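For clarity, every value in this text was computed on a predicted model and none was experimentally measured. For the numbers below, each heavy atom of this structure counts, side chains included, while hydrogens, waters and symmetry mates do not. All ligand and atom numbering here is 1-based and tracks the order in the structure.
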Amino acid sequence: MNGAREFSLSVSIRRHDEIALVIIDNPPVNATSQAVRQGLLDAVEKINADPAVKAGVIGCAGKTFIAGGDIREFGKPPLLPHLPDVLQAIEDSGKPLVAAIHGTALGGGLETALACHARVMAADALVGLPEVKLGLVPGAGGTQRLPRLVGMLPALDLVASGRQVKAQEALSLGLVDVVVSGDVFEAARAQARKLIGKDLRRAGRLEVPACDQVAFAAARAQVDKKARGQIAPGVAAGLVAAASALPFAEGIARERKTFFELMRSDQSRALRYVFAAEREVARVARLEGVAPRPVEKVGVIGAGTMGAGIAVALVDGGYDVRVVETSAAAVDAGVQRIEGLWARPLKSGKLTQAQFDQKRARAYVSADFSALADCDLIIEAAFEDMAVKQDIFSRLGALARPGAVLATNTSALDVNAIAAFSGRAADVIGLHFFSPAHVMRLVEVVEGGRSSADAVATGVAVAKRLKKLPVVCGVCDGFVGNRMLAVWRPVAEMFLEAGALPQDVDGALEAYGFAMGPFAVSDLAGLDIAWARRKRLAATRDPNERYASTVADRLCDLGRFGQKTGAGWYVYPDGKRTIDPVVSELVEKVSAEKGFARKTSPAEDIQRLVRAAMINEGAKILSEGIVGRALDVDMVLVHGYGYPAWRGGPMFEADAIGLECILADIEALRAFAGPAYEPAALIQQLADSGGTFGELAPGEAAPKNSLVESLR
Ligand code: NAD
């Protein structure tokens, strides 16, 4: 009964004249669920059977056209009717069918539109085939119809990148026939009327336009290079190539078979996990039902690298921003930095001059600390120095309005100590943005021992409004990401001592799927920040602990701070990362001084031991209750540190590989790197019981008196 009702509610036909309007109504995104597929098939049959109907328009109720498949049906045996068959029926219809696209037509949605005989698109709509982002390929004709409509090269680009296309581009590609700023249904009806009695353009029956084979091969090679180990983009490119080599029906069959093979692949499983985790990460059980404090006006302290990026992110997110600096000269420099971040979109036309001026007016920069007095949230991004933070937070304690949330962007200082300076620790949280702050999605929302739940919820809500990914974590040195980095980076340095060169380690990790290896990243970020930290920690360092940063220290002694000084682990003639024999010699010299007999390490060893170090520290972070779930760790690594999303993140990957194997890797790591790399008890426990990180209930890994709890 229910199913029947759902079916009749999902697709309806309305008729005013000889044009039938087929309306899909399957909230929230009109996914192509079974009831929608059946409803569409029935509608096509009805339209063709009714002599009073001459043509049809297919469109959707609500905010959007079909925006994809029904994720609940993913990974299960497909239910009849299958989407490719429904779309074939649409294409084969004797009467014209026109798609009316508003909102977003993605995946199966765009494929439905491609099967229609013409497409009308709202001027503010978007279309795309994003399947590769889930480790899949289009499974209902997208790879075969698209090249026939727009040509091989544009099809390759769209299918392999998964990017979304705006209306004007879609029109110029020939992907849609008409773009309208008014009523898209009305325009589609007019288009349908024009097609009555005409020869219909059926995408599956068109010849694939000829294409320069050399250019196509070059574009395919580019796709493989960009994919960095992810298989779906290359496979999708192969299907586009098949469109010109095989008859349509064979191409469709190959596409369908490939779709199901990829659906079962580890990579797609990992990417679907990441997709779900990105949505889950901001939902923290203990914040359920806690209302965030209202925030409209936000203060930012410091307009340096981070402060400027944070201010831009806040204005882009619709907040009014007050930035304070230390002097008139620092204000000028801050204004330049902020304007500089909007300069590129202004130049490229993404931002009009009027929009730039509007944004600019919403960021008020001054040297007047009292400008922060009426802010609802104040984010401190001044120097990483406890005395500076102490001065700022004690002044904020006196100045900020009651109920304002006070946040620090500190990378590694103790948020509880900073909170105490304010005299109102319940209002204080950490908001750890990543650089560049207006681009990077990750924000660690740090819950201090005395932070109130609504202050933490406010941090999460603001991060969400900035379209960022908030990961709530407790206080520890380096929080999640930098704490893990502080453990696995030395392993990379130990490989240098053992016999590798920076390019070997970077090469191994880039081959693993990281966007950049650790030494290249260090050159980009600047070697001086970590150097300052090492010097700060030197006095308290355990003399028995293995110290692997000697080469980095010597590079800093030489003033080689990375790209900003033109040299670091590499040199950069013409901006291009280039191996420097000076560094190779230095690495060899330090090895010799420390008595290592250098021998090369296979890339696989570097990959396995670095990964083992990450997983081991991730397990400790979970056991201490710094975060509640393995997915929190994975989101930090994927979104802040370039861990390949198609591997899911270190904790997901550990579960996929099996914790017994990971434990063996950690034991090998301890043998290589020393006793600091003792396996975490949690891994031992899970390996013994056959458990996984992913199955742990939120907070289950941590003892009741975990760090955050004990500080309350
Ligand atoms: P930065 O040196 O580029 O900028 C700091 C700015 O703060 C300077 O412009 C300085 O004039 C200003 N400032 C100093 N004291 C001030 C005060 N009392 N009142 C107002 N302004 C003051 O530093 P940054 O890289 O932007 O780092 C800022 C903070 O963010 C640090 O705590 C750092 O650890 C953290 N952080 C940095 C990064 C990064 O990649 N750079 C990433 C995450 C977090």
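Checked against a 3.5 angstrom limit, the closest N/O atoms of E325 and ligand 1 fall inside it. Where the criterion is an N or O separation shorter than 3.5 Å, residue side chain and backbone included, R395 fails it with respect to ligand 1.
The atoms of ligand 1 that sit less than 4.0 Å from any heavy atom of I301 are 19 (N), 20 (C). Every atom of ligand 1 is numbered from 1 in the order shown, and the set under 4.0 Å from a heavy atom of V324 is 20 (C), 21 (N). Short contacts between ligand 1 and K389, defined as distances under 4.0 Å to a heavy atom of the residue, involve ligand atoms 31 (C), 32 (O). Near H432, with a cut-off below 4.0 Å to any heavy atom, the atoms of ligand 1 are 43 (C), 44 (C). Atoms of ligand 1 lying under 4.0 Å from at least one heavy atom of T410, given by number and element, are 32 (O).
At a heavy-atom cutoff of 4.0 Å, ligand 1 is contacted by the side chain of I392 but not by its backbone. When non-hydrogen atoms are compared, ligand 1 lies under 4.0 Å from neither the backbone nor the side chain of E380. Contacts between F433 and ligand 1, counted as non-hydrogen atom pairs separated by less than 4.0 Å, involve the backbone only.
A donor atom on one side chain and an acceptor atom on the other are not found under 3.5 Å apart for Y319 and D376. Of the N and O atoms on the side chains of R293 and S452, at least one donor lies less than 3.5 Å from an acceptor on the other residue. Side-chain N/O atoms of Q353 and D357 include a donor and acceptor closer than 3.5 Å.
Of the protein's non-hydrogen atoms, T305 N, 4.7 Å is the one closest to atom 23 (O) of ligand 1. Atom 30 (O) of ligand 1 has as its closest protein heavy atom N409 ND2, 2.9 Å. Here the protein heavy atom with the shortest distance to atom 4 (O) of ligand 1 is G304 CA, 3.2 Å. With hydrogens left out, the protein atom closest to atom 33 (C) of ligand 1 is S411 OG, 3.5 Å, a heavy atom. If you check which protein heavy atom lies closest to atom 17 (C) of ligand 1, you get T326 CG2, 3.5 Å. In terms of protein heavy atoms, atom 32 (O) of ligand 1 is closest to E384 OE1, 2.6 Å. Nearest protein heavy-atom contact of atom 31 (C) of ligand 1 is A382 O, 3.2 Å. The protein heavy atom nearest to atom 26 (O) of ligand 1 is M306 N, 2.7 Å.
Under the 4.0 Å distance rule, the nearest protein heavy atom to atom 9 (O) of ligand 1 falls inside the cut-off.
With sequence neighbours excluded, no residue forms a side chain to side chain donor-acceptor pair (under 3.5 Å) with Y677.
Between R424 and D427 there is a salt bridge, with a side-chain nitrogen of the basic residue lying less than 4.0 Å from a carboxylate oxygen of the acidic one. Note on R362 versus D320: salt bridge recorded, some NZ/NE/NH1/NH2 to OD/OE distance being below 4.0 Å. A salt bridge is defined here as a Lys NZ or Arg NE, NH1 or NH2 lying under 4.0 Å from an Asp or Glu carboxylate O, and E296 with R465 meets this definition.
Between the W488 side chain and the L609 main chain, no donor and acceptor come within less than 3.5 Å of each other.
Residues in residues 535-573 take part in these ring pair (Phe, Tyr, Trp, His ring centres under 6.0 Å) pairs, two or more places apart or across chains: F519-W569, W531-F561.
For CD of Q336, the number of neighbouring non-hydrogen atoms (other residues, nucleotides, ligands) closer than 6.0 Å is 12 at most.
Ring geometry for Y643 against Y512 counts as perpendicular: the plane angle is over 60°, on a 0 to 90° scale with 30° as the lower cut.
Looking at A329, A381, G302, G307, it is A381 that brings a heavy atom closest to atom 5 (C) of ligand 1.
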Evaluation steps, salt bridge (Lys or Arg N to Asp or Glu O under 4.0 Å), between R533 and D477
CA-CA 12 Å; R533 184 164 184 269; D477 191 0; 3.1 Å; yes
